[in-house]
Peer 1: 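I am attaching a structure below and will ask some questions about it afterwards.
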Amino acid sequence: MKKFSVVIAGGGSTFTPGIVMMMLDHLDRFPLRKLKLYDNDGDRQSVLGEALEILLKEQAPEVEFSYTTDPKEGFEDIDFCMAHIRVGKYEMREQDEKVPLKHGVIGQETCGPGGIAYGMRSITGMLEIIDYMEQYSPDAWMLNYSNPASIVAEACRILRPDSKVLNICDMPVGTLRRMSQIIEKTPAELEVRYFGLNHFGWWTSVKDREGNEYIDQIRAYVAENGYLTQVEVDTQHTDPSWQETHKKAKDLLAVNPRYLPNTYLKYYLYPDYEFEKATPDFTRANEVMAGREKKVFSAARAIIEKGTAVDSGFEIDAHASFIVDLARAIAFNTHERMLMIVENNGAIANFPDDAMVEVPCLVGTDGPEPLAQGKIPEFEQALMYQQLTVEKLVVQAYIEKSYQKLWQALTLSKTVPSAKVAKDLLDDLIEVNKDYWPELS
Ligand code: NAD
Ligand code: LMR
């Protein structure tokens, strides 16, 4: 079998060790000849790089491993770039969450003003790594799961239309794992129909390979419990704040009982509730810094100190195996069916062609082929149209350096109550993001 060379961009990410361990676990399906980490923060990345170097020497010495902050070293001779960058890191995620709360608005990583602010930062970083990939390995593909995925995908559609960038999200994967547990199946046994924007969509069908439909059974469970399941099925979304989120799906279903909701819809349908229960001194960014970030970096330091990764605290991010499925789909033309963020072009019949939507696709050597989801009902369509316009305005504001358009984007967000609040918020966001955003006028 062919062996591949992969660079992980955002090598200093809290997800890097879990994803590397997952890739080592899948070497029989996706063999590696080279694995590199690339980051623009050498100090942060070197902790994980040094630890992973020890781990790879022990567990997969045949894979050539390196880590670098030099774009040429990072991006030359690669087949795939797996991208999970966070422009501004946790310091800025904290601002995305805390600044809106000061204005009475929910603060969230990808939804509402937080997502808009993060989007304005991410575009620059994403374009930078896409350009490096195209300069040094023009035939490579980027598998991107950096957030906010909708805004990043729209920016790629406009600014890098011919680039080989595939945008994918782990949230539907995580929720499908929960659904599979509810009906006592495995995710691999199930096939779904789904439509929406990223972090803003609905499942319309969950069937097994024989064609038996389970949506009623899942719906009955979710109406009582949300997606909260007894056993922890997902290594990522298990913190206390996530348990709340899985539970809240019950109230999302109550508004719209026809389809199974993506959990992120809670920020749009219940922003007042989310605001009231927010803890401004300790938001999700703080929870991650005190939890996942601390755990991953302490484990790395322990490996370096001991000089061995035997019994290390690095855990396999099993749920991230969808990334290997995606790489395999491209490399071996498997026609794997996956939810991807792609240009609509009729997949949702009554939605704009140029919208970046999330729908099931068959993925092969030429990339994703979206599967038609037909017409969607008015309620979902109207919500999606509003959110789509927000995302398009953000990208236009970035390109045109337009204060007016970003003000409109914030005003239109379902999470923001008025143009006045939007303007006050924007002025604060400009101030805290001045090292990252283009200068707006
Ligand atoms: P993190 O802050 O721990 O890591 C991000 C890394 O990206 C940092 O080391 C930072 O220095 C680096 N970076 C920032 N800008 C860069 C640039 N221009 N070039 C190269 N590197 C750059 O963040 P995290 O919590 O691990 O998340 C990483 C990303 O993955 C985020 O965008 C997050 O939203 C997304 N994400 C991925 C998954 C998944 O399934 N793996 C799940 C949720 C979120
Ligand atoms: C993360 O940092 O895990 C996020 O990207 C999603 C979350 O858990 O808030």
Side-chain angles (χ1 to χ4, degrees), residues 7-20 22-23 36-49 67-71 74-75 81-94 96-97 107-111 114-115 118-119 121-133 142-152 167-174 198-199 234-246 263-264 266-267 283-297 300 317-324 326 435-436:
V7 63
I8 297 182
S13 156
T14 56
F15 293 110
T16 298
I19 285 179
V20 169
M22 181 277 296
M23 287 202 285
K36 304 191 251 186
L37 308 185
Y38 166 79
D39 203 292
N40 63 0
D41 179 342
D43 290 343
R44 183 178 174 90
Q45 174 175 258
S46 65
V47 181
L48 303 183
Y67 53 99
T68 181
T69 54
D70 178 57
F75 287 87
C81 170
M82 297 181 178
H84 54 205
I85 63 170
R86 185 186 291 284
V87 178
K89 292 172 277 191
Y90 274 95
E91 194 188 356
M92 290 308 294
R93 178 175 182 173
E94 215 179 335
D96 294 342
E97 293 170 350
Q108 210 279 326
E109 180 188 27
T110 64
C111 305
Y118 185 16
R121 293 197 303 276
S122 279
I123 298 172
T124 309
M126 284 303 302
L127 296 180
E128 196 175 89
I129 58 174
I130 292 170
D131 292 348
Y132 289 145
M133 179 178 88
M142 182 175 290
L143 315 185
N144 177 54
Y145 38 97
S146 311
N147 272 317
S150 273
I151 292 172
V152 166
N167 292 294
I168 190 159
C169 174
D170 69 327
M171 193 61 228
V173 177
N198 179 240
H199 287 183
D234 186 307
T235 48
Q236 194 196 345
H237 300 124
T238 52
D239 282 344
S241 67
W242 269 108
Q243 304 297 356
E244 282 286 317
T245 298
H246 300 310
T263 55
Y264 279 94
K266 73 175 188 166
Y267 296 107
T283 58
R284 172 68 183 155
N286 302 111
E287 188 181 36
V288 176
M289 286 188 273
R292 186 173 72 228
E293 189 180 46
K294 201 166 164 198
K295 194 169 155 200
V296 166
F297 280 82
D317 192 351
H319 102 293
S321 59
F322 70 92
I323 296 164
V324 163
L326 178 57
D435 294 340
Y436 298 97

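Indexing begins at 1, ligand by ligand and atom by atom, following the structure's order. Just so it is clear, the values below take in all heavy atoms, side chains as well, and ignore hydrogens, waters and symmetry mates.
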Peer 1: May I ask you to identify, for D170, whether its side chain, its backbone, both or neither come under 4.0 Å of ligand 1 on a heavy-atom basis?
Peer 2: side chain

Peer 1: Who's the nearest protein heavy-atom neighbour of atom 9 (O) of ligand 2, and how far?
Peer 2: R93 NH2, 2.7 Å

Peer 1: Which ligand 1 atoms does G12 reach within 4.0 Å, using its non-hydrogen atoms?
Peer 2: 3 (O), 9 (O)

Peer 1: Can you name the closest pair of heavy atoms from I129 and A9 and give their distance?
Peer 2: CD1-CB, 4.0 Å

Peer 1: Please work out whether any backbone atom (N, CA, C, O) or any side-chain heavy atom from C-beta onward of E109 is under 4.0 Å from ligand 1, and answer side chain, backbone, both or neither.
Peer 2: side chain

Peer 1: So which bit of Y90 gets within less than 4.0 Å of ligand 2, heavy atoms only: side chain, backbone, both or neither?
Peer 2: side chain

Peer 1: Specify side chain, backbone, both or neither for H199, according to which of its non-hydrogen atoms lie closer than 4.0 Å to ligand 2.
Peer 2: neither

Peer 1: Using a plain distance cutoff, I'd like to know if T14 has any nitrogen or oxygen under 3.5 Å from a nitrogen or oxygen of ligand 1.
Peer 2: yes

Peer 1: Restricting to non-hydrogen atoms, name the atom on Q45 and the atom on G11 that form the minimum distance, rounded to 0.1 Å.
Peer 2: OE1-CA, 3.2 Å

Peer 1: Which residue and non-hydrogen atom of the protein lie closest to atom 7 (O) of ligand 1, and at what distance in Å?
Peer 2: R86 N, 3.2 Å

Peer 1: Where is the tightest heavy-atom contact between C169 and N198, given as atom of each residue plus distance?
Peer 2: CB-ND2, 3.2 Å

Peer 1: So for ligand 1, is G88 a polar contact partner (N or O within less than 3.5 Å, distance only)?
Peer 2: no

Peer 1: Tell me whether R44 is salt-bridged to E293, with the criterion being a basic N under 4.0 Å from an acidic carboxylate O.
Peer 2: yes

Peer 1: Using 4.0 Å as the upper bound for N to carboxylate O, is an ion pair formed by D239 and R284?
Peer 2: yes

Peer 1: Distance under 4.0 Å to a non-hydrogen atom of E128: what atoms of ligand 1 satisfy this?
Peer 2: 18 (N)

Peer 1: Please examine the side chains of M92 and R121, heavy atoms only from C-beta on, and report whether any two atoms are closer than 4.5 Å.
Peer 2: yes

Peer 1: Which residue supplies the protein heavy atom nearest to atom 3 (O) of ligand 1, what is that atom called, and how far is it?
Peer 2: R44 NH2, 2.7 Å

Peer 1: Mark up the atoms of ligand 2 that fall under 4.0 Å of a heavy atom belonging to W242, in ascending order.
Peer 2: 7 (C), 8 (O), 9 (O)

Peer 1: Please state which protein non-hydrogen atom is closest to atom 34 (O) of ligand 1 and give its distance, to 0.1 Å?
Peer 2: N147 ND2, 2.8 Å

Peer 1: For ligand 1, which atoms, with element, lie under 4.0 Å from some heavy atom of G125?
Peer 2: 18 (N)

Peer 1: Got a sec, which residues hit side chain to side chain donor-acceptor pair (under 3.5 Å) with D39, two or more places apart in sequence or on another chain?
Peer 2: none

Peer 1: Looking at E109 and R86, does any basic side-chain N land under 4.0 Å from a carboxylate oxygen?
Peer 2: yes

Peer 1: Report the nearest protein non-hydrogen atom to atom 25 (O) of ligand 1: residue, atom name, distance rounded to 0.1 Å.
Peer 2: Y90 OH, 2.4 Å

Peer 1: Is R86 close enough to touch ligand 2? Criterion: a residue heavy atom under 4.0 Å from a ligand atom.
Peer 2: yes

Peer 1: For atom 20 (C) of ligand 1, tell me which residue out of N40, V87, D41 has the closest non-hydrogen atom.
Peer 2: N40

Peer 1: Not counting sequence neighbours, which residues clear side chain to side chain contact (heavy atoms under 4.5 Å, CB included) with T263? List them please.
Peer 2: M171, Y227, W242, T245, H246

Peer 1: Taking 4.0 angstrom as the limit and counting only heavy atoms of Y145, give me the atoms of ligand 1 inside it, by number and element.
Peer 2: 30 (O), 35 (C), 36 (N), 37 (C), 39 (C), 41 (N)

Peer 1: Examine the proximity of ligand 1 to R292 and report which part, side chain or backbone, both or neither, has a heavy atom under 4.0 Å away.
Peer 2: side chain

Peer 1: Tell me, which protein residue and heavy-atom name are nearest atom 4 (O) of ligand 1, and how many Å apart are they?
Peer 2: S13 CA, 3.1 Å

Peer 1: Considering only protein heavy atoms, which is closest to atom 1 (C) of ligand 2, and at what distance to one decimal place?
Peer 2: R292 NH2, 3.3 Å

Peer 1: With atoms numbered from 1 as shown, which atoms in ligand 1 lie under 4.0 angstrom from a non-hydrogen atom of S146?
Peer 2: 32 (O)

Peer 1: Show, in sequence, the C-alpha distance, side-chain angles and deciding distance for D170 and F322, and conclude whether the side-chain contact (heavy atoms from CB on, under 4.5 Å) test is met.
Peer 2: CA-CA 8 Å; D170 69 327; F322 70 92; 3.5 Å; yes

Peer 1: Tell me, with the steps shown, if Q243 and H237 meet side-chain contact (heavy atoms from CB on, under 4.5 Å).
Peer 2: CA-CA 8 Å; Q243 304 297 356; H237 300 124; over 6 Å; no

Peer 1: At what distance is the nearest protein heavy atom to atom 43 (C) of ligand 1, and which residue and atom is it?
Peer 2: Q236 NE2, 3.4 Å

Peer 1: Starting from atom 28 (C) of ligand 1, find the nearest protein heavy-atom neighbour and note its residue, name and distance.
Peer 2: H84 O, 3.4 Å

Peer 1: Does any N or O atom in Y118 lie less than 3.5 angstrom from one in ligand 1, N or O only?
Peer 2: yes

Peer 1: Return the closest protein heavy atom for atom 6 (C) of ligand 2 as residue, atom name and distance.
Peer 2: E109 OE1, 3.5 Å

Peer 1: Looking only at protein heavy atoms, identify the closest one to atom 8 (C) of ligand 1 and say how far it is in Å.
Peer 2: D39 OD2, 3.5 Å

